[in-house]
K.L.:
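Please see the structure below; I have some questions.
We name chains A, B, ... by the order of the sequence lines, and we start the count at 1 in each one.
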Protein chains: 2
Amino acid sequence: MAVEVRSAKGAATRDQILDVAGKLIQLRGYHATSLDDVLKASGVGKGNFYYYFKSKEDLGYAILDRMLQAFVERTLEPAFADSVADPVVQIQEFLDRVLDNQRQRSCIGGCPMGNLASELSDVHEGFRQRLAGMFLQWRVTLAEVLARGRESGRLRSGLDPASAAQFLVAALEGAILLTKVTRDISVMERCVTELKRHLTLYEAR
Amino acid sequence: MAVEVRSAKGAATRDQILDVAGKLIQLRGYHATSLDDVLKASGVGKGNFYYYFKSKEDLGYAILDRMLQAFVERTLEPAFADSVADPVVQIQEFLDRVLDNQRQRSCIGGCPMGNLASELSDVHEGFRQRLAGMFLQWRVTLAEVLARGRESGRLRSGLDPASAAQFLVAALEGAILLTKVTRDISVMERCVTELKRHLTLYEAR
DNA sequence: ATGTTTGTACCGACCGGTTGGTACAGAAGC
DNA sequence: GCTTCTGTACCAACCGGTCGGTACAAACAT
């Protein structure tokens with residue numbers, strides 16, 4: 001039993017708006033995407049939109065929520081679900097997946113979270129906090145994997161999982177950004193290679 | 001004798017606009033900064049603005065030019081001018097300077113180039129190309145330093161300067177972005193620490 | 001020296017179009 | 001028949017950009 005059902009039709013329209021707006025905002029940014037753009041692209045009327053969202057800001061929050069959910073369920077959890085697998089291999093495969101994602105997108109669009117963090121952090125405190133929370137979740141997940149590797153003796157005992165995880169996230173975000181601005185997938189490839197090399201620093205000798 | 005002088009007064013007004021608009025755009029972004037904002041903050045009338053810039057886009061290009069010039073002259077060149085100093089030390093000091101810069105700004109504002117790259121790369125091809133060129137210049141500068149270190153035997157002979165430089169720029173940009181969204185300077189500190197550790201990978205054994 | 005012209009620098013009202021947001025009547029579904 | 005949903009008309013505020021006009025100093029002509 002769902003907490004609240006909200007009749008099937010409404011949910012579909014709402015999802016449609018979320019889908020279209022999410023894609024548009026990833027590509028053009030929050031400010032550069034107007035409500036009319038979203039409405040035109042989704043075929044939803046204005047009155048209908050304001051039935052589901054009380055403002056553009058509200059839409060933004062909904063997109064952020066959905067983005068986090070999708071990221072956790074479809075990216076983070078699948079990559080690190082197996083708690084007995086080799087943490088280094090898991091992270092390496094995670095890096096490859098991010099790389100492949102950029103390749104499939106032809107280096108366009110960047111990271112949805114990174115884009116919004118860059119555009120809105122200094123402008124909108126509410127969005128900033130949500131985005132910070134999302135990056136925190138990412139970092140914590142990686143830190144757990146690294147801590148697991150340390151406990152199992154696979155990684156150095158002196159390793160600081162939080163610090164290493166922070167760096168991995170930062171390096172990945174930077175790599176995606178530079179890949180976007182150069183439109184050159186080899187930028188991403190090089191960064192992933194260097195990142196894998198960096199992982200060797202953490203391995204127990 | 002200057003190539004062209006353009007009477008002192010006019011240049012001052014133009015510079016004033018560039019100053020104010022540059023700061024405003026770094027803080028709020030390109031789209032979220034209106035001409036009226038710039039005009040109000042600089043005390044310049046609209047007619048006067050359009051005497052110096054033919055459009056908002058034109059202003060954007062002028063800001064980019066000025067940004068590149070300042071970055072090269074006031075950051076890149078001072079840090080790597082000495083061609084006999086230890087490359088590793090030079091890069092370490094460069095990292096510390098970037099870290100200190102973020103500290104002074106209280107983690108606010110991020111990287112002007114990174115911000116615009118994120119906001120405009122997929123929206124405005126002209127801006128994208130200019131920004132890509134700016135990052136290229138940064139990367140090339142770092143690559144030259146690394147290549148110098150390799151030639152002198154200070155760094156490993158197997159080192160790929162272009163790849164390593166690319167990674168350094170990416171990691172720094174990512175670190176600045178995450179520092180901005182978390183408003184936590186320790187994020188930057190951790191990333192710089194990890195980056196310095198990464199540099200040891202390049203050192204000749 | 002004096003009046004005239006010219007180019008630079010500047011202002012603020014105004015334009016058409018777009019923005020996010022509202023009001024509301026009516027259709028659809030139970 | 002009541003709630004849920006949806007299209008349309010509308011709004012004030014704001015957007016980037018244009019307009020006619022002004023102030024003033026240097027260049028010029030007389």
Side-chain angles (χ1 to χ4, degrees), chain A residues 1-22 24-25 27-64 116 119-120 123-127, chain B residues 1-22 24-25 27-64 116 119-120 123-127:
Chain A
M1 227 65 54
V3 179
E4 193 187 352
V5 199
R6 240 190 198 287
S7 107
K9 197 171 185 185
T13 302
R14 206 186 118 99
D15 277 359
Q16 164 78 352
I17 295 172
L18 251 17
D19 269 353
V20 167
L24 247 33
I25 287 178
L27 218 64
R28 309 187 198 172
Y30 179 79
H31 282 113
T33 302
S34 73
L35 247 20
D36 278 341
D37 290 338
V38 174
L39 267 21
K40 222 162 280 174
S42 63
V44 172
K46 206 157 205 183
N48 202 3
F49 173 88
Y50 278 97
Y51 178 75
Y52 293 106
F53 304 96
K54 70 175 215 279
S55 66
K56 187 186 179 184
E57 185 187 15
D58 187 38
L59 170 67
Y61 280 117
I63 289 176
L64 250 34
L116 292 177
E119 183 183 357
L120 302 172
V123 169
H124 194 300
E125 177 62 14
F127 284 161
Chain B
M1 231 56 60
V3 179
E4 194 187 350
V5 201
R6 234 192 200 288
S7 106
K9 200 170 184 187
T13 301
R14 209 185 114 98
D15 277 359
Q16 163 80 351
I17 295 172
L18 250 18
D19 270 353
V20 168
L24 246 34
I25 288 178
L27 218 64
R28 309 186 197 173
Y30 179 80
H31 283 113
T33 302
S34 75
L35 247 21
D36 280 339
D37 290 338
V38 175
L39 267 20
K40 221 161 284 176
S42 64
V44 173
K46 206 158 206 182
N48 200 8
F49 173 88
Y50 278 97
Y51 178 75
Y52 291 105
F53 304 96
K54 70 175 213 280
S55 64
K56 187 186 179 184
E57 186 188 15
D58 187 38
L59 169 67
Y61 279 117
I63 289 175
L64 251 33
L116 292 177
E119 183 183 357
L120 301 171
V123 169
H124 193 300
E125 177 62 14
F127 285 160

K.L.:
In whole Å, I'd like the distance from the CG atom of B:Asp36 to the P atom of D:dA13.
P.N.:
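In whole Å, D:dA13 P lies 15 Å from B:Asp36 CG.
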K.L.:
Would you indicate, yes or no, if C:dT19 has its OP1 or OP2 atom less than 4.0 angstrom from a side-chain nitrogen or oxygen of A:Ser34?
P.N.:
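Checking C:dT19 against A:Ser34, a side-chain N or O does come within under 4.0 Å of OP1 or OP2.
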K.L.:
Return yes if the base of C:dG21 and the side-chain atoms of A:Lys46 contain a donor-acceptor N/O pair under 3.5 Å, otherwise no.
P.N.:
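Such a pair is found, so the answer is yes.
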K.L.:
Could you tell me how far apart A:Leu39 (CG) and D:dC10 (P) are, to the nearest whole angstrom?
P.N.:
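Going from A:Leu39 (CG) to D:dC10 (P), I get 18 Å.
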K.L.:
Rounded to the nearest 0.5 Å, what separation is found between the OH atom of B:Tyr30 and the CG atom of B:Leu64?
P.N.:
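If we round to the nearest 0.5 Å, B:Tyr30:OH and B:Leu64:CG are 10.0 Å apart.
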K.L.:
Between C1' on C:dG21 and CG on A:Leu35, what's the gap in Å once rounded to a whole number?
P.N.:
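Roughly 8 Å, once rounded to whole Å.
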K.L.:
Can you work out whether A:Tyr30 or B:Gly43 has the more 5'-proximal nearest nucleotide on DNA chain C?
P.N.:
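First, find each residue's nearest nucleotide; the 5'-ward one identifies B:Gly43.
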K.L.:
Looking at D:dT6, C:dT22, D:dG17, which one has an atom nearest to any side-chain atom of A:Tyr50?
P.N.:
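Output: C:dT22.
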K.L.:
Heavy atoms from C-beta onward define the side chain here; which of C:dC10, D:dG16, C:dT19 lies closest to that of B:Asn48?
P.N.:
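In terms of side-chain proximity for B:Asn48, the closest of C:dC10, D:dG16, C:dT19 is C:dC10.
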K.L.:
In this structure, how many angstroms lie between the C1' atom of C:dG12 and the NZ atom of B:Lys40, rounded?
P.N.:
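Going from B:Lys40 (NZ) to C:dG12 (C1'), I get 13 Å.
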K.L.:
In whole Å, I'd like the distance from the CG atom of A:Asp15 to the P atom of D:dC5.
P.N.:
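Rounded to whole Å, this separation is 13 Å.
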K.L.:
Go nucleotide by nucleotide along DNA chain C from the 5' end; which of B:Gly47 and A:Phe49 gets its closest nucleotide reached first?
P.N.:
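Taking each residue's closest nucleotide, the earlier one in sequence belongs to B:Gly47.
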K.L.:
Between A:Thr13 and D:dT6, does any side-chain N or O lie under 4.0 Å from OP1 or OP2?
P.N.:
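Looking at the OP1 and OP2 atoms of D:dT6, one of them is under 4.0 Å from a side-chain N or O of A:Thr13.
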K.L.:
Could you check whether any side-chain N or O of B:Lys46 sits under 3.5 Å from a backbone N or O of B:Leu35, counting only pairs where one atom can act as donor and the other as acceptor?
P.N.:
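Looks like no, no N/O pair under 3.5 Å.
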K.L.:
Please give, in whole Å, the distance from D:dC5 C1' to A:Arg14 CZ?
P.N.:
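To the nearest whole Å, that distance equals 14 Å.
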K.L.:
Choose from D:dT6, C:dC10, D:dG17 the nucleotide whose nearest atom is closest to any side-chain atom of A:Tyr52.
P.N.:
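For A:Tyr52, the side-chain atoms sit closest to D:dT6.
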K.L.:
Does any N or O in the side chain of B:Asp58 come within less than 3.5 Å of the main-chain N or O of B:Lys54, such that one atom is a donor and the other an acceptor?
P.N.:
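Yes.
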K.L.:
Any side-chain heavy atom of B:Leu59 sitting closer than 4.5 Å to one from B:Leu18?
P.N.:
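Side-chain contact under 4.5 Å: yes.
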K.L.:
I'd like to know if the side chain of A:Glu119 reaches the main chain of A:Gly29, judged simply by a donor and an acceptor atom lying under 3.5 Å from each other, with no hydrogens or angles considered.
P.N.:
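No, A:Glu119 side chain to A:Gly29 backbone: no donor-acceptor pair under 3.5 Å.
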K.L.:
Please check the phosphate of D:dT6 (OP1 and OP2 only) for any side-chain N or O of A:Tyr51 closer than 4.0 Å.
P.N.:
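No, outside the criterion.
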